[in-house]
Amino acid sequence: MKLLKTTIVAFAASAMLFAAQGEHHAKKEKKKGEIATVVETGNAASRLLLKTLGGNLKKHMKKGGPAEAFGFCSTHAADLTAEVDNRLGKRVSIKRVTLKPRNPANEAAGDEKAVLEALETLDKNHVRLPRHLIEKTPGGYKYYKPLVINKKVCLKCHGTHIDPALKAKIDKTYPTDKATGYKMGDLRGAVVVTIKQ
């Protein structure tokens with residue numbers, strides 16, 4: 001009888017352990033699924049924003065060169081970003097942030113600044129940047145897509161040799177401009193997608 005009781009107790013303990021492991025595994029799988037959904041949402045949202053801004057920028061660059069493209073950026077980029085943000089719904093919001101803003105509204109602060117500083121350190125040490133980063137927040141997640149200067153045309157407005165007439169226009173529109181001095185491959189900032197749960 002004593003052996004039977006011991007066996008039953010051991011069996012019950014094993015069953016409880018197995019159930020706890022199963023529960024832990026289920027939680028882990030749920031978390032993996034949650035992260036996959038965040039990545040999917042972040043990829044789709046950032047792609048939509050970059051396609052919207054990039055397509056318009058390209059069109060204006062063809063139409064009138066860097067001065068026309070700058071005019072478009074300075075007057076419409078924030079509105080187009082807000083339009084994309086609205087299209088994403090109430091649970092998802094999007095913006096661009098940087099450590100060297102042209103428009104002060106895009107300056108990174110708080111955790112976003114810390115993430116960009118960490119990415120910049122990696123970049124300066126010639127470490128390949130990740131395609132995206134995921135940050136857990138109290139209300140959900142933040143998805144970061146690093147933005148890198150990967151087209152020479154970007155240097156027309158953000159490089160070290162900007163046409164003097166264009167530079168004068170930039171300085172007049174943005175007296176506190178910090179968004180110059182870049183070269184190919186430099187980290188420019190990030191698209192941040194905030195996803196509420």
Side-chain angles (χ1 to χ4, degrees), residues 31-58 61 66 69-70 72-74 77-78 80-82 84-85 87-88 91-162 170 174 176-197:
K31 183 96 170 162
K32 274 170 67 176
E34 207 172 87
I35 298 294
T37 302
V38 167
V39 170
E40 192 178 306
T41 302
N43 283 341
S46 59
R47 197 166 38 244
L48 177 61
L49 178 63
L50 295 174
K51 187 177 176 185
T52 302
L53 294 175
N56 278 285
L57 193 59
K58 193 173 178 182
M61 186 65 89
F70 169 73
F72 158 75
C73 270
S74 63
L80 285 173
T81 301
V84 169
D85 186 65
R87 284 175 58 186
L88 295 173
R91 282 186 51 250
V92 181
S93 63
I94 195 165
K95 63 182 174 180
R96 292 173 301 143
V97 296
T98 181
L99 296 173
K100 291 170 63 177
R102 176 155 287 164
N103 181 339
N106 295 332
E107 186 161 11
D111 290 347
E112 293 169 2
K113 183 179 181 184
V115 168
L116 280 184
E117 285 171 343
L119 286 170
E120 195 169 71
T121 299
L122 291 176
D123 191 47
K124 284 181 178 172
N125 286 290
H126 310 290
V127 176
R128 187 175 175 184
L129 296 177
R131 288 184 183 179
H132 59 262
L133 291 171
I134 305 298
E135 176 190 19
K136 182 75 178 105
T137 63
Y141 292 91
K142 276 189 183 179
Y143 165 104
Y144 292 83
K145 178 175 183 55
L147 296 174
V148 174
I149 301 281
N150 59 9
K151 292 185 174 104
K152 284 187 179 177
V153 72
C154 299
L155 300 176
K156 301 262 186 199
C157 290
H158 295 288
T160 51
H161 304 291
I162 301 169
I170 292 169
Y174 297 108
T176 60
D177 178 39
K178 297 176 192 169
T180 58
Y182 288 100
K183 53 190 186 308
M184 286 296 287
D186 283 351
L187 177 70
R188 172 77 186 97
V191 172
V192 182
V193 183
T194 301
I195 301 156
K196 293 177 187 167
Q197 287 184 306

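These numbers come from the heavy atoms of this one structure, side chains and all, not from hydrogens, waters or symmetry mates. Predicted model, so just to flag it, every value in this text is computed and none were measured.
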Do any side-chain atoms of residues 41-50 form donor-acceptor pairs under 3.5 angstrom with protein atoms, and if so which ones, sequence neighbours left out?
from: Thr41; atom 1: OG1; to: Thr37; atom 2: O; distance (Å): 2.9
from: Asn43; atom 1: OD1; to: Tyr143; atom 2: OH; distance (Å): 2.5
from: Asn43; atom 1: ND2; to: Val39; atom 2: O; distance (Å): 3.4
from: Ser46; atom 1: OG; to: Gly42; atom 2: O; distance (Å): 2.8
from: Ser46; atom 1: OG; to: Asn43; atom 2: O; distance (Å): 3.2

Does the side chain of [Y] come within less than 4.5 Å of [X]'s, by heavy atoms?
X      : Y      : result
Ile94  : Val192 : no
Val193 : Ser93  : no
Lys100 : Tyr182 : yes
Cys73  : Leu57  : yes
Tyr141 : Lys196 : no
Asp85  : Lys95  : no
Val97  : Leu116 : yes

Is there a donor-acceptor pair under 3.5 Å between the side chain of [X] and the backbone N or O of [Y]?
X      : Y      : value
Asp123 : Leu119 : no
Lys136 : Gly140 : yes
Arg102 : Cys157 : yes
His158 : Ala179 : yes
Thr137 : Lys142 : no
Arg96  : Ala78  : no

Residues in side chain to side chain donor-acceptor pair (under 3.5 Å) contact with [X], at least two apart in sequence or another chain:
X      : value
Lys156 : none
Glu117 : none
Asn106 : none
Glu107 : none

First locate atom [atom1] of [X], then atom [atom2] of [Y], and finally report the distance between them rounded to the nearest 0.5 Å.
X      : Y      : atom1 : atom2 : value
Thr81  : Leu53  : OG1   : CG    : 4.5 Å
Arg188 : Ile149 : CZ    : CD1   : 6.5 Å
Cys154 : Met184 : SG    : CE    : 7.5 Å

| remark: Lys183 meets the salt bridge (charged side-chain N to carboxylate O under 4.0 Å, His left out) criterion, sequence neighbours left out, with Asp186
So which heavy atom on [X] is nearest to which on [Y], and how close?
X      : Y      : result
Pro146 : Pro130 : CG-O, 3.3 Å
Leu99  : Lys113 : CD2-CG, 3.7 Å
Glu120 : Leu187 : N-CD2, 3.6 Å
Val148 : Gly185 : CG1-O, 3.3 Å

| task | Would you please say whether a donor-acceptor pair under 3.5 Å links the side chains of Tyr144 and Glu135? | result | yes
| task | Start with the C-alpha distance between Phe70 and Ile162, add both sets of side-chain angles, then the distance that settles side-chain contact (heavy atoms from CB on, under 4.5 Å), and finish with yes or no. | result | CA-CA 12 Å; Phe70 169 73; Ile162 301 169; over 6 Å; no
| Could you walk me through whether Thr160 and Thr180 pass the side-chain contact (heavy atoms from CB on, under 4.5 Å) check? | CA-CA 6 Å; Thr160 51; Thr180 58; over 6 Å; no
